[in-house]
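Encoded as structure tokens, the structure appears first; notes follow it.
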Amino acid sequence: MATRKKKVRRRKAAKPVRRTTGRRRRASAKKRSFGWMKWLAGLLVLALLVVGGYSLYLSKIVRVKFEGKRWAVPARVYARPLELYVGAPVTPEQLQFELELLVYRKVKHPRKPAQWSRAGSRFLIHGREFLFWDAREPSHQLEVRASSNGISSLRDARTGRAIDLMRMEPPVIGSIYPSHKEDRVLVKREELPDHLVAALLAAEDHDYFHHHGINLLSIGRALLANLRAGRTVQGGSTLTQQLVKNFWLTPERSLWRKLNEAWMAVILDARYDKDEILEAYANEVFLGQDGDRAIHGFGLASWFYFNRPLGELKLHETALLVGLLKGASYYNPRRHPQRALERRNLVLEQMYRQGFISREVAEAAKRQPLGVAKAGRRTSARHPAFIDLVRRQLQRDYREEDLTSEGLRIFTTLDPWAQRMLNRELDRGLRQLEKSRKLGKGTLQSAAVLVSPQGGEVRALSGGREAGFAGFNRALDAVRPTGSLIKPVVYLLALSRPERYTLLTLLEDEPIRLRDAKGRIWQPKNYDHKTHGQVPLHRALAHSYNLATVRLGLDLGLDKVVDLLHRMGLQRPVRPLPSLLLGAVSLSPLEVAQLYQVFASGGFRTPLRAIREVADAAGQPLQRYPLEVEQVADPGPVYLLDRNLVEVMREGTGKGIRRYLPADLEVAGKTGTTNELRDSWFAGFSSDWLGVVWVGRDDNKPAGLTGSSGALRLWGAAMKALKLMPLGLVPPEEVIYVWVDPKTGYRSAEHCEGAVAMPFIRGSEPRIRADCAEELRERGFFERLFDG
Amino acid sequence: MSYLLNSFSRLLPVAAIAFLLGACASTGPSGAPPKAPVAKAPTTPPPAAGRRYEPPEVAAYRPPAQPTHAKPQMAKAVQTLLRRAEQQQAEGQLASAANTLERALRIEPNNALVWNRLAHVRFEQGHYRQAASLAQKSRTLAGGDAALKADNDALIQRIQARR
């Protein structure tokens with residue numbers, strides 16, 4: 001833009017110089033009247049050359065822009081598509097939410113795409129066609145029955161035939177803009193509705209398809225009107241001229257610019273097809289402002305004002321958009337509805353007068369309300385934390401310039417419903433905590449990540465309390481000490497050595513004094529400031545005993561713990577200090593989620609992903625982010641650890657979960673609390689959700705919350721809202737259950753008093769039999785079952 | 001310690017159902033497509049190494065461990081995707097097949113058969129490391145399906161032999 005401006009100015013400066021040389025030559029021509037004719041001819045040739053050369057120059061400018069890439073189209077970011085099938089855990093509330101997010105319209109009888117109706121549990125949905133990265137999903141008409149248990153029936157609404165599976169259109173959740181914040185949804189000429197073209201012609205340039213870029217008659221008429229009024233009251237510009245003005249010229253008003261504009265319009269018209277120019281015009285024009293985002297073109301304006309694609313607009317709606325061409329802010333239908341209405345009706349009147357529509361149609365359209373959607377589709381603002389993560393993952397593979405200009409389509413893993421539940425519960429939970437703990441309003445902050453355990457897909461992300469506020473993204477950037485959250489890593493390492501450690505191995509929970517690298521004494525304590533003597537390993541984890549854990553970790557070797565952390569996917573360097581065992585290592589919630597993903601998926605690490613696919617503007621897939629797994633821990637030890645983390649939730653530090661989830665709904669998890677209650681953490685999982693929540697203060701002052709009194713509550717509330725499925729762990733083949741006496745750790749039997757069934761890695765089960773078990777050597781039925 | 005008792009008593013119906021399912025696994029749905037391979041009981045001896053694993057039947061869906069939350073109908077969507085992936089794989093559209101199987105895994109993340117299929121597709125794509133990991137994953141989820149386990153083992157062996 002800047003260079004173009006310079007070129008135009010330079011031309012202007014050059015002109016007068018040329019004129020003076022011309023005068024000098026003319027003066028010399030008078031002296032010698034003999035060559036007068038010759039000189040005139042020469043001058044004419046010269047003038048022709050100048051004009052011709054200048055035309056060529058303008059023509060080149062026109063060609064470069066018009067045939068090159070005309071617009072920077074921001075990358076569009078999509079949420080995951082909702083999959084509908086019988087048994088899908090989609091409640092009526094969620095289905096309605098998803099339809100509203102897609103801005104489908106609720107009607108009595110859906111007849112057109114993007115409409116739906118609901119009668120009780122029965123939904124009729126007429127979906128839009130959508131171009132996915134792998135296939136085009138055609139427009140569909142569905143009959144869906146949903147209840148609180150999920151979808152019970154899915155049929156084709158026309159034929160009544162059952163449908164196995166249907167992928168809905170994914171909602172747009174944001175765009176990645178270039179720095180100048182111009183946004184666009186490109187439309188093709190054939191996508192412009194006829195009534196839009198008619199309205200354009202009627203209101204702006206009725207002779208468009210006949211003139212040659214400029215319309216001398218209307219320029220003359222405008223000139224006359226302006227002279228009569230003494231100021232500019234009427235413009236005589238054709239659509240072509242308006243496009244030229246927007247595309248190539250500065251907004252200044254001068255005769256020189258006007259001449260350039262006219263000349264370029266003629267060139268443009270001569271070189272290109274009317275339809276091509278019209279398409280460019282329809283995509284270029286400025287039609288509104290949304291915060292710092294400029295709304296360009298009818299494609300985006302249609303979404304911005306009506307929440308629908310251009311093809312679905314009705315006559316009175318396109319007339320409104322065309323009316324905005326005269327002044328998008330002056331006629332802003334949201335701010336000045338009366339002005340906008342009058343302007344729209346004027347456009348309709350012009351359409352009637354010029355014979356594009358009948359009087360009846362015009363009058364009927366004039367009676368329509370404006371129909372503008374309440375809020376703009378400010379989707380970019382809705383999920384700033386998640387979009388931030390997407391952007392960071394993309395920046396590894398794409399240049400910033402391509403992201404903001406190539407019109408890429410980015411298909412992400414965001415589950416908008418889960419995100420909404422998470423935002424709601426975090427907000428509610430924090431306010432309750434502040435109230436019940438008498439903390440100042442707004443002092444607490446939070447961050448959270450929701451992940452699919454097996455697939456490693458980030459389904460929701462909260463970067464802070466104000467979900468719609470793009471600021472410090474705590475889920476990625478708040479790197480905080482993790483406290484006891486790190487302990488399961490130590491215990492997994494122990495259980496990976498079944499010859500040495502089982503869930504029943506006794507650990508010493510006794511005071512310990514250590515010297516750190518600088519010779520300072522480090523003397524950890526238990527949270528309750530007590531020691532517990534000899535405790536079985538599983539109980540030490542369930543109750544989060546610090547002393548037992550430090551002794552265990554030192555026995556295993558600090559470097560081995562660090563190794564395991566890195567194998568599990570931690571990328572930042574960790575110093576092998578004893579304090580590491582109690583969570584002196586600082587991590588972000590996202591990093592914690594990566595570690596717990598390994599626990600939640602039986603020892604298989606899947607790098608967390610926020611993106612599934614990137615496709616170009618035409619729908620061609622550019623890059624896949626496939627599901628990748630790597631086994632980093634044996635399934636047996638992970639199974640034992642997970643059973644232990646279930647115990648945490650049943651009778652350990654996580655038992656407060658029962659206020660949120662029923663007792664028979666099995667989940668696994670671990671609390672984390674740091675020194676002076678600065679950080680409250682919780683990480684836990686069911687079979688379908690893994691969640692990590694952090695609560696604390698931005699100024700790092702004590703928040704006064706433990707993992708269980710803070711983060712656990714928010715986690716529990718969010719999980720309750722998500723209606724999760726129980727953990728349902730299946731023991732791997734190397735695990736057997738045997739009856740043991742929990743007091744002694746000896747082998748017991750089913751009928752013995754107090755006997756419990758405990759999982760062991762095969763071969764590590766206790767050999768010594770308790771007295772009771774000696775009486776009955778025969779093994780119980782269930783034991784045999786598990787052994788098998 | 002009561003949790004162990006609880007969890008054990010909860011596992012009881014699971015075990016019982018798994019047992020029953022194992023007993024009647026050879027009775028497939030009547031609506032199975034004509035091209036479906038001959039139904040085999042899970043006890044069928046593992047196929048020779050190197051041969052492609054054929055599932056016991058198209059509806060080789062094992063319900064999740066929690067019978068109260070098992071949704072037998074759910075398998076239909078996954079079955080459809082499995083069939084589609086099979087077709088795509090046969091036509092050489094490996095990326096699409098992988099994509100379809102990933103879709104199925106989002107619906108049933110613990111379905112060992114789908115993980116196995118994805119392992120085979122990755123193998124055909126030449127992503128041997130991933131194929132081995134995926135087969136390993138399928139193996140840990142396979143439960144009592146000896147044939148499926150054996151197929152995963154065979155695939156892992158083929159990959160190791162390549163190295």
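Values reported hereafter were calculated over all heavy atoms of this structure, with side chains retained and with hydrogens, waters and symmetry mates removed. Reminder, nothing fancy here: chain letters follow the sequence lines and each chain counts from 1.
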Any side-chain donor near an acceptor of the partner, A:D164 and B:Q79, under 3.5 Å:
no

Can you confirm whether A:Y746 is buried at OH, in the sense that more than 12 heavy atoms of other residues, nucleotides or ligands lie under 6.0 Å from that atom?
no

Flag yes if more than 12 heavy atoms outside A:E753 fall under 6.0 Å of its CD atom; otherwise flag no.
no

Who wins among B:L118, B:L81, B:N99, B:T140 for the most heavy-atom pairs under 4.5 Å with chain A?
B:N99

Run the numbers on B:V78 and A:Y85 for side-chain contact (heavy atoms from CB on, under 4.5 Å), then give the verdict.
CA-CA 9 Å; B:V78 175; A:Y85 51 89; over 6 Å; no

Counting only non-hydrogen atoms closer than 4.5 Å, can you tell me which residues of residues 127-137 of chain B sit against chain A?
B:R129, B:Q130, B:S133, B:L134, B:Q136, B:K137

Under 4.5 Å heavy-atom distance to chain B, tell me which part of [X] shows up: side chain, backbone, both or neither.
| X | answer |
| --- | --- |
| A:E734 | neither |
| A:E628 | both |
| A:R624 | side chain |

Applying side chain to side chain contact (heavy atoms under 4.5 Å, CB included) to A:D741 and not counting sequence neighbours gives A:K743, A:T744, A:S748

Tell me, please, which residues at least two apart from A:P536 pass side chain to side chain contact (heavy atoms under 4.5 Å, CB included).
A:L506, A:H538, A:R539

Note: B:E102-A:R612 ion pair, threshold 4.0 Å (strictly below):
no

Give a yes or no on whether a salt bridge exists between B:R103 and A:E83, defined as a side-chain N under 4.0 angstrom from a carboxylate O.
yes

Among all residues two or more places apart in sequence or in another chain, which pass the side chain to side chain donor-acceptor pair (under 3.5 Å) test with A:Y625?
A:D397

Interface residue of largest heavy-atom contact number with chain B, from A:P635, A:G455, A:P626, A:S452, under 4.5 Å
A:P626

Test side-chain contact (heavy atoms from CB on, under 4.5 Å) on A:R80 and B:R106 and set out the steps.
CA-CA 11 Å; A:R80 61 93 186 90; B:R106 277 181 213 120; over 6 Å; no

So how far is it from B:R122 CZ to A:L627 CG, rounded to the nearest 0.5 Å?
7.5 Å

Could you give the distance from CG (B:L105) to CD (A:Q454), rounded to the nearest 0.5 Å?
8.5 Å

